[in-house]
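The block underneath contains the structure these notes are about, expressed in structure tokens.
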Amino acid sequence: MSSLFKRHPWRTVLAVATALALIFGAGYWAEQRELQAKMDALQQATAAHVLGLRGLVEKHDFLPHAAARHPDVRQLLLAPDDAALQSRVNAYFADLQTTTGAAALFLIDREGVTIAASNWNLPSSFVGESYRQRPYFEDAVAGRRGLFFGLGLTTGQSGLFIAQPVRAGNEMIGVMVVKISLDPLEQTWRHGANPVLLRDSRGVVFLSGVPEWLFRAVKPVSAADAAWIADHGQYGARRQFGVLPWTIRVRDEVPGFVIRTSGGGRPRDYLALDTPLPGLGWTLTVTEDMREVREARRLALALGTLAVALLLLGVLYWRLRERRYAEQRSARLELEHRVQERTRDLQQAHAFQKAMEDSLLVGMRARDPQGKIIYVNPAFCAMVGYSSDELLGCRPPYPYWHPDDLDKQARESDDALQGRAAPCGFESRIRHKDGHDVLTMVYTAPLIDGDGVHRGWMSSIVDITAQKQAEARQRDQELRLQRSARLASAGEMASTLAHELNQPLMALSNFAIAARALAARGDPAMLAGALDDIVGQSRRASEIVKRVRAMINPQRADYATLAIGAVIDHAEALLKPELQREGVALRLMLEDPTVKVRGDTVLLEQVLANLIHNAAQAMQGQPRHRRAIMLATRRVAQGIRISVSDQGPGIADDQLEQIFAPFFTTKPDGLGLGLNICRTIIEAHGGSMTVVNDADGGATFSFILPIVP
């Protein structure tokens with residue numbers, strides 16, 4: 001072959017150029033394919049984050065407008081020295097804060113001084129503080145809706161401020177402001193796999209999953225912008241904003257850009273995508289790690305190099321064999337002809353068999369009856385990371401068995417060698433030589449030779465890691481969709497409540513106007529009737545509010561000193577008909593029924609009734625002789641522990657940490673609020689609530705209340 005290259009050197013150049021083109025072409029194709037997949041994932045993640053941000057803002061967008069229309073709010077701006085009126089507005093703001101989940105609500109007069117706030121009774125109260133320099137106040141005074149993110153001048157805590165002018169007729173008399181905390185969103189970003197951040201209109205990062213990037217900018221902040229931020233106190237006492245530790249590189253193949261930074265003590269590359277949020281004046285940046293892109297290119301280059309090397313070796317082998325045959329042809333032409341035909345047949349059969357084995361994507365492994373590995377194909381070697389030389393002759397335990405599943409895999413191997421393997425296959429987790437886990441599906445069948453003799457067992461191994469990951473992502477997406485649906489339902493409930501309260505409030509207004517007219521006319525009989533109507537509508541509105549407040553704000557309760565035994569007895573009497581109907585026995589084991597606690601009777605009875613009702617529902621599928629609930633009390637160091645135990649199936653381990661979360665439920669028709677409200681009530685009484693699974697089946701919900709001396 002060397003003489004061939006000497007005679008035709010251009011063939012050498014052409015061969016090398018073609019080989020390099022194939023190798024680098026494969027690397028470029030793999031890189032572009034993975035880069036496009038990353039960009040698609042990035043665009044989907046960006047759409048989800050934008051939807052979440054807009055949903056968070058739109059959830060509270062109506063609140064300042066609604067609060068500004070309250071008669072007491074307008075009246076307080078006209079009469080700011082009225083202490084009773086100020087107290088009512090403070091209480092109204094505190095109730096709205098608890099109901100909506102806002103961080104704070106406060107009312108500012110035309111001079112920029114706060115005259116009422118939801119945190120009026122806290123050391124960090126906004127009342128009396130001036131926010132005249134805030135942009136949201138300037139926008140509202142100008143008659144526009146104000147929207148501003150920054151650190152609180154009083155509390156130092158960040159939040160999004162939404163401001164609405166308050167008018168009396170055509171005159172602007174004050175500003176209503178709602179503060180929304182974005183801390184839960186930032187905490188979620190910090191636990192994410194890839195960084196996400198928000199920049200304001202001046203390029204300063206104010207929300208980020210990477211704490212080191214906060215209050216830095218993509219490019220140097222101008223002196224005018226820095227002065228504006230300082231004058232308005234947007235980020236507290238900060239006057240300087242460093243540049244982000246990024247090196248940005250734009251790629252023409254995708255709409256985003258690449259960020260080179262450091263993380264975990266080593267350089268990191270991220271594919272990033274900027275998305276402006278015009279209504280908010282922000283820019284959202286979502287990133288994806290570029291490691292998989294580099295790995296795809298590196299793997300493609302390696303495979304391309306291997307393929308070219310094999311091709312060149314094949315060409316060299318063919319040329320050498322041709323020359324050898326040419327030298328022997330003159331002396332042994334006839335014999336060589338016969339040997340060549342036989343050799344060609346064998347080579348073709350072997351090459352065909354080898355090509356079939358090498359082209360299989362499914363791993364193949366053959367073992368003798370004692371479990372020794374006698375054959376593996378390349379797909380199986382790639383799956384476990386060991387070469388065929390390392391695997392052939394191995395006996396259990398095999399080097400790729402997962403160290404955490406040795407007992408399970410030993411049982412599965414014994415079942416297969418004994419002919420007891422399931423025909424539908426079984427899942428098995430193995431450990432790749434480089435340390436990562438591979439999830440597989442294993443199918444085993446007898447290995448019979450040409451004479452019909454059983455020689456061992458042949459197993460087909462399918463890599464299902466990507467499938468399992470896709471299923472996990474699908475489940476996660478379904479959970480997000482369910483959570484979004486529940487939040488939408490909560491919003492619909494809030495709208496319905498507002499509509500229901502509107503009627504008695506409008507009636508109150510109409511009856512009050514009529515009463516004033518009747519008083520002016522001096523008609524006492526009709527005036528008394530109008531006043532009765534006002535009282536009736538007031539009670540109706542009060543009942544509506546009390547029902548909602550009892551559910552969402554158990555802190556507004558009537559506390560008194562109670563005997564715990566009396567509370568339990570009343571809860572038992574309330575549920576006795578239902579328990580009898582379900583065939584459930586309630587057994588009481590009260591260590592000391594006379595123990596005194598301080599609390600609200602109705603709310604504590606509500607907690608006990610909810611726990612007993614849940615326990616009864618958990619045992620619906622149990623035989624009647626096992627439908628028993630144990631309610632026990634016992635003194636502990638912190639107070640008295642009240643526990644409710646059932647004999648149901650218990651709670652799945654992966655659900656124990658979520659059982660008290662709002663909107664989490666295991667019931668098909670449940671809202672997922674009962675246990676969350678119960679825990680809120682107990683915490684409002686100075687106690688705590690826990691849940692554990694019992695060793696002999698069932699679950700026990702317990703809560704501890706302080707004892708009154």
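A quick note: this is a predicted structure, and the numbers were derived from the prediction, not measured. In this chain, numbering begins with 1 at the start of the sequence shown.
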If we ignore angles and hydrogens, is there a donor and acceptor under 3.5 Å between the side chains of Q43 and T46?
no
D694 side chain reached by S645 side chain, heavy atoms, under 4.5 Å:
yes
No-hydrogen, no-angle side-chain donor-acceptor test under 3.5 Å, Q409 and S428
yes
If you measure from the Lys or Arg side-chain nitrogens to the Asp or Glu carboxylate oxygens, is any gap between R431 and D437 under 4.0 Å?
yes
Quick one: do the H613 and Q617 side chains pair a donor with an acceptor below 3.5 Å?
yes
Using a 4.5 Å cut-off on heavy atoms from C-beta on, say whether the side chain of L284 contacts that of V196.
yes
Looking only at side chains, do Y398 and R367 share a donor and an acceptor under 3.5 Å apart?
yes
Less than 4.5 Å apart, any side-chain heavy atom of Y386 and any of C394?
no
Just so I know, are the side chains of Y400 and H432 near enough to count as touching, which here means a heavy-atom distance under 4.5 Å?
no
D463 versus T465, side-chain donor and acceptor atoms under 3.5 Å
yes
Tell me every residue that passes side-chain contact (heavy atoms from CB on, under 4.5 Å) with D407, counting only those two or more places apart in sequence or in another chain.
R411
For the residue pair V442 and V462, establish whether any side-chain heavy-atom pair is separated by less than 4.5 Å.
no
Under a 4.5 Å cut-off applied to non-hydrogen side-chain atoms, are M383 and I461 in contact?
yes
Does the side chain of S643 come under 3.5 Å of the side chain of T700 through a donor N or O and an acceptor N or O?
no
Test: R268 and D289 ion pair at under 4.0 Å
yes
Is there side-chain contact between C381 and S388, with at least one heavy-atom pair below 4.5 Å?
yes
